[in-house]
Protein chains: 2
Amino acid sequence: MTNSEILSNHLKNQGVKPSIQRIKIYEFIRNHAIHPTADDIYNHLVKEIPTLSVATVYNTMHLFEQKGIVRTISIDNHQTRFDWNMTPHGHFQCKVCGTIYDLEANLNQMNISELDGFQVDESHYYFKGLCKSCINK
Amino acid sequence: MTNSEILSNHLKNQGVKPSIQRIKIYEFIRNHAIHPTADDIYNHLVKEIPTLSVATVYNTMHLFEQKGIVRTISIDNHQTRFDWNMTPHGHFQCKVCGTIYDLEANLNQMNISELDGFQVDESHYYFKGLCKSCINK
DNA sequence: ATTCAATTTTAGAATAATTCTAATTTTGTA
DNA sequence: TACAAAATTAGAATTATTCTAAAATTGAAT
């Protein structure tokens with residue numbers, strides 16, 4: 001099986017009909033664990049698929065989100081980033097280099113009594129500051 | 001001292017020259033602990049100050065942020081909300097009624113070892129789901 | 001293979017939040 | 001009262017995202 005076929009099957013298993021665009025987008029987000037924006041995805045893939053449109057990137061990401069393949073994070077205020085890591089985790093963004101680090105800790109372990117009786121569907125957390133390597137410069 | 005004079009002094013103490021616009025905006029965010037958007041602030045105050053412009057609201061909020069009077073939160077993706085409560089705390093937003101609840105717990109108590117050697121300047125967390133009163137309907 | 005409806009993709013227009021710009025107004029001081 | 005600095009303003013510009021309607025692709029039924 002080619003790599004493309006493997007990815008195609010992954011998508012099928014998650015209930016997504018695999019078009020070329022969807023496979024390439026899926027491949028991109030899996031290989032670039034950088035929490036890309038729609039723009040990052042578009043600019044990278046338009047070289048390979050010259051007719052690709054931004055609308056397709058957005059459509060696909062919305063579909064992936066619905067199907068539980070990605071989730072969105074909003075650290076920078078006005079630009080959505082996509083994260084293929086669906087385990088409960090958080091982020092740290094360095095103000096200097098912009099890198100977004102994943103943090104393993106699960107927010108749900110905080111056990112917040114104010115939420116008793118509430119139904120919690122999503123939890124998000126993130127820090128901002130300077131990362132180690134930027135401090136050491 | 002009138003209420004307006006008290007607020008004016010608050011601003012002075014924080015290093016902000018108190019104009020009418022700034023005092024009214026400050027008053028609004030203190031009396032409406034609803035994490036308002038720039039638009040909420042503008043729409044409410046333009047009735048009182050007909051010449052108010054959105055630019056002034058944004059300018060003022062940026063200034064307040066710089067001076068440590070408010071901070072911004074981004075729960076809804078593309079609309080910044082302002083929070084005058086500067087103690088470390090988090091939020092819960094109900095998907096049905098939209099209400100944003102404050103949560104007292106301080107994220108820093110999580111003590112995340114992956115951040116050893118990092119400088120943490122800001123920490124944010126929030127949950128989404130259904131609030132108690134919407135569940136009981 | 002051919003037809004046809006359903007699905008997907010597309011280009012570009014529309015929308016909405018925010019920022020920018022340059023002019024005007026206000027403020028405080030000399 | 002004059003004047004420079006600061007603040008406000010209207011409206012244009014920018015940017016991310018969504019919408020729209022047309023074109024392309026797909027896949028099932030014949």
- Query: Quick one: are the ring centres of A/His35 and A/Phe82 less than 6.0 Å apart?
  - Reply: no

- Task: Would you check if B/Thr99 and B/Gln93 make a side-chain contact, meaning some heavy-atom pair closer than 4.5 Å?
- Result: no

- Honestly curious: do B/Tyr26 and B/Val46 fall in one hydrophobic cluster under the side-chain, below-4.5 Å linking rule? yes

- Mind running a 4.0 Å heavy-atom check of residues 41-63 of chain B against DNA chain C and sending the residues that fall below it, in number order? B/Ala55, B/Tyr58, B/His62

- Task: Go through residues 91-99 of chain A and report each residue with a non-hydrogen atom lying under 4.0 Å from DNA chain D, sorted by number.
- Result: none

Donor-acceptor pairs are to be reported for all side-chain atoms of residues 16-25 of chain B against protein atoms at under 3.5 Å, with residues two or more places apart or in another chain.
{"unit_1": "B/Ser19", "atom_1": "OG", "unit_2": "B/Arg22", "atom_2": "N", "d": "3.2"}
{"unit_1": "B/Arg22", "atom_1": "NH1", "unit_2": "B/Lys17", "atom_2": "O", "d": "2.9"}
{"unit_1": "B/Lys24", "atom_1": "NZ", "unit_2": "B/Glu48", "atom_2": "OE2", "d": "2.9"}

Which atom pairs link the protein and nucleotides 23-25 of chain C when you take only N or O atoms and keep those under 3.5 Å?
none

Throw together a table of side-chain donor-acceptor distances under 3.5 angstrom for residues 128-137 of chain A, partners on residues two or more places apart or in other chains.
{"unit_1": "A/Asn136", "atom_1": "ND2", "unit_2": "A/Lys132", "atom_2": "O", "d": "3.3"}

- Item | Listed partners of A/Asn85 passing side chain to side chain contact (heavy atoms under 4.5 Å, CB included), at least two apart | A/Asp83, A/Thr87, A/His89

- Item | DNA chain D: 5'-most and 3'-most nucleotides touching chain B, 4.0 angstrom heavy-atom criterion | D/dA6 to D/dT17

- Item | Nearest non-hydrogen partners of A/Asp40 and A/Phe28, listed with the distance | O-CZ, 4.2 Å

- Qualifying side chain to side chain donor-acceptor pair (under 3.5 Å) pairs with a residue from residues 112-122 of chain A, counting only residues at least two apart or across chains: A/Gln119-A/Asp121, A/Asp121-B/Lys95, A/Glu122-A/His124

- Task: Could you tell me whether B/Thr37 contacts a base, only the sugar-phosphate backbone, or nothing, with contacts defined as non-hydrogen atoms closer than 4.0 Å?
- Result: nothing

- Task: Pull out every residue in residues 10-34 of chain B that has a heavy atom closer than 4.0 Å to any atom of DNA chain D, ordered by number, or say none.
- Result: B/Lys17, B/Ser19, B/Gln21, B/Arg22

- Sequence neighbours left out, what passes side chain to side chain contact (heavy atoms under 4.5 Å, CB included) with A/Asp39? Give chain and number order. A/Thr37, A/Asn43, A/Gln79

- Item | Flag if over 12 foreign heavy atoms under 6.0 Å of CD, A/Glu104 | no

- Query: So, do A/Ile49 and A/Thr56 sit near enough that their side-chain heavy atoms are less than 4.5 Å apart?
  - Reply: no

- Task: Determine whether B/Ile100 and B/Trp84 fall in the same hydrophobic cluster, where Ile, Leu, Val, Met, Phe, Trp and Tyr are linked whenever their side-chain heavy atoms lie under 4.5 Å apart.
- Result: no

- Task: Check which hydrophobic residues are tied to A/Phe127 through side-chain heavy-atom contacts below 4.5 Å, counting indirect links as well, and list them.
- Result: A/Phe92, A/Tyr101, A/Leu103, A/Leu107, A/Met110, A/Ile112, A/Leu115, A/Phe118, A/Val120, A/Tyr125, B/Phe92, B/Tyr101, B/Leu103, B/Leu107, B/Met110, B/Ile112, B/Leu115, B/Phe118, B/Val120, B/Tyr125, B/Phe127

- Those residues that, when tested against B/Asn9, pass side-chain hydrogen bond (donor to acceptor under 3.5 Å, both in side chains) (two or more places apart): none

- A/Phe64 and A/Ile6: same hydrophobic cluster, using ILVMFWY side-chain contacts below 4.5 Å? no

